[in-house]
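Okay, so here's the structure we're looking at.
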Protein chains: 2
Amino acid sequence: MARVQAERADAVLALATTFRLHGYEGTSLTAITAQTGLGKGSLYHFFPGGKEDMARAVLDEVGDWFRREVYEPLRADGPADQRLAAMFTAVETYFASRHLVCLFAAFALGQERDRFAAVIAAYFSEWLDALETATGDRELAADTVATLQGALILARALNDPALFPATAARAQSRAQTRARARAHPPLSS
Amino acid sequence: MARVQAERADAVLALATTFRLHGYEGTSLTAITAQTGLGKGSLYHFFPGGKEDMARAVLDEVGDWFRREVYEPLRADGPADQRLAAMFTAVETYFASRHLVCLFAAFALGQERDRFAAVIAAYFSEWLDALETATGDRELAADTVATLQGALILARALNDPALFPATAARAQSRAQTRARARAHPPLSS
DNA sequence: AGATGGCTGTACCGAACGGTACAGCCATCC
DNA sequence: GGATGGCTGTACCGTTCGGTACAGCCATCT
């Protein structure tokens, strides 16, 4: 029993890499068997729904990770500066070891968006909500997430990994400055 | 003779829509024949290199458009405010009628990135260079392009088309403000 | 030791894939 | 009114696709 869940979880980790590198359409079952080391029989035992089932498991796993490591800290107690810093640290280390690809962004661009529309929208709107909770500014939240996502694309497109943390750092100080200004408004406002 | 080029150009336009909606891997020759109204024979007459040749023609066409309508105005004479405004107007109207998908971003995320790496990198680095020329600030250029690209993803993911122009408008005023500050630095700096 | 059942590899399926070959249509030009 | 050649539809190629069927291995439990 424990063996089952452990190996399925391992498979999900390997699947995440494959889907990240090749996208949904571009991921073939052959590539999956190579990456996971599992035969088709095992795959369809763990994921009766086939490829879509596998992708959904990966999206769920990633979504849970962000919920736990990114969104919750944003809603925690403490100064906004600290909560924002926690988010940026988590996000930067996450994508640095994930080939600078956000799975949800990749799925949002292709035709697979319709198939996974609900879970994709949930991922981003939860992120926006948590950031709005931390900063009190919905527009700032949108600008921040957009900058991060765009920086991932730029870093991939220019094949310049350092561009992501550099852009993220500027977005962080901008967000912290504006959140601070909002918490302690100047007299003129 | 004129007939040839005209029909190939028409095919490229139809191809752009197909690749935008389905990505490179997700675009089948069957879908292409349906969208363009051309049989495989005609397609392989116009594009001897097959699917990759078709995609490359589309990327070239889009790249030329941006070079002409976006990058050149950024390098033109006149106040930075005006050049930036021209860029944002062109970009917003462009993507609004293109399903809010940047073809180069979509290709940068998938496995097709390697195949088209050079032309993808050229598209973004030319954009950054032109923006740096207009604002004198490389980091501002990166932040601006990243915000625009991220806003496209957010708008697609949340299925909220209005999010793109709203985010773009904030990025525009931010860029104009900072470019203005750079041109007329305050005494403290 | 024997039975159970979760798990696995392999062979295979029909469909669709990207790509090729080629006969012929039909507007142009002499 | 031929002859030319750009262009087109169609049949077909080998390969790979996602998915299924199933026999059997082997750790567990009695």
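These values consider heavy atoms only, across backbone and side chains, with no hydrogens, waters or symmetry-generated copies. Since the structure is predicted, the reported quantities are computational estimates derived from the model, not experimental observations. Below, chains carry the letters A, B, ... as their sequence lines are ordered, and counting in each starts from 1.
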Name every donor-acceptor pair, under 3.5 Å, that has one atom in a side chain of residues 101-117 of chain B and the other anywhere in the protein, sequence neighbours excluded.
from, atom 1, to, atom 2, distance (Å)
Q111(B), NE2, E25(B), OE2, 2.6
R113(B), NH1, R156(A), O, 2.9
R115(B), NH1, E52(B), OE1, 2.9

>> Could you tell me the Watson-Crick or G-U partner of dA21(D), where both distances fall under 3.5 Å? Say none if there is no partner.
In response: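 Pairing partner: dT10(C).
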May I have the distance from [X] (atom [atom1]) to [N] (atom [atom2]), rounded to whole angstrom?
{"X": "I32(B)", "N": "dT8(D)", "atom1": "CD1", "atom2": "C1'", "result": "17 Å"}
{"X": "L43(B)", "N": "dG6(D)", "atom1": "CG", "atom2": "C1'", "result": "15 Å"}
{"X": "R8(A)", "N": "dT8(C)", "atom1": "CZ", "atom2": "P", "result": "13 Å"}
{"X": "F47(B)", "N": "dG19(C)", "atom1": "CZ", "atom2": "P", "result": "13 Å"}

>> Among residues at least two apart in sequence or on other chains, which ones pass side-chain hydrogen bond (donor to acceptor under 3.5 Å, both in side chains) with D129(A)?
In response: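 D129(A) satisfies side-chain hydrogen bond (donor to acceptor under 3.5 Å, both in side chains) with R138(A) only.
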> With sequence neighbours left out, what residues match R178(B) under side-chain hydrogen bond (donor to acceptor under 3.5 Å, both in side chains)?
Replying inline: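 Counting only residues at least two positions away or on another chain, R178(B) forms a side-chain hydrogen bond (donor to acceptor under 3.5 Å, both in side chains) with D137(B).
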Side-chain donor-acceptor contacts of residues 162-174 of chain B below 3.5 Å, not counting sequence neighbours, with atom names and distances?
from, atom 1, to, atom 2, distance (Å)
T167(B), OG1, L163(B), O, 2.7
R170(B), NE, D143(A), OD1, 3.1
R170(B), NE, D143(A), OD2, 3.1
R170(B), NH2, D143(A), OD1, 2.8
S173(B), OG, R170(B), O, 3.1
R174(B), NH2, D143(A), OD2, 2.8

> With under 30° as parallel and over 60° as perpendicular, where do the rings of W127(B) and Y123(B) fit, or are they tilted in between?
Replying inline: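 Answer is perpendicular, since the angle exceeds 60°.
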Would you tabulate the side-chain donor-acceptor contacts of residues 73-81 of chain B under 3.5 Å, counting partners in other chains and residues two or more places apart, or write 'none'?
from, atom 1, to, atom 2, distance (Å)
D81(B), OD1, R180(B), NE, 3.4
D81(B), OD2, R180(B), NE, 3.2
D81(B), OD2, R180(B), NH2, 3.0

> Base, backbone or nothing for each nucleotide of nucleotides 16-21 of chain D, written B, S, -, heavy atoms under 4.0 angstrom, 5' to 3'?
Replying inline: -SBBB-
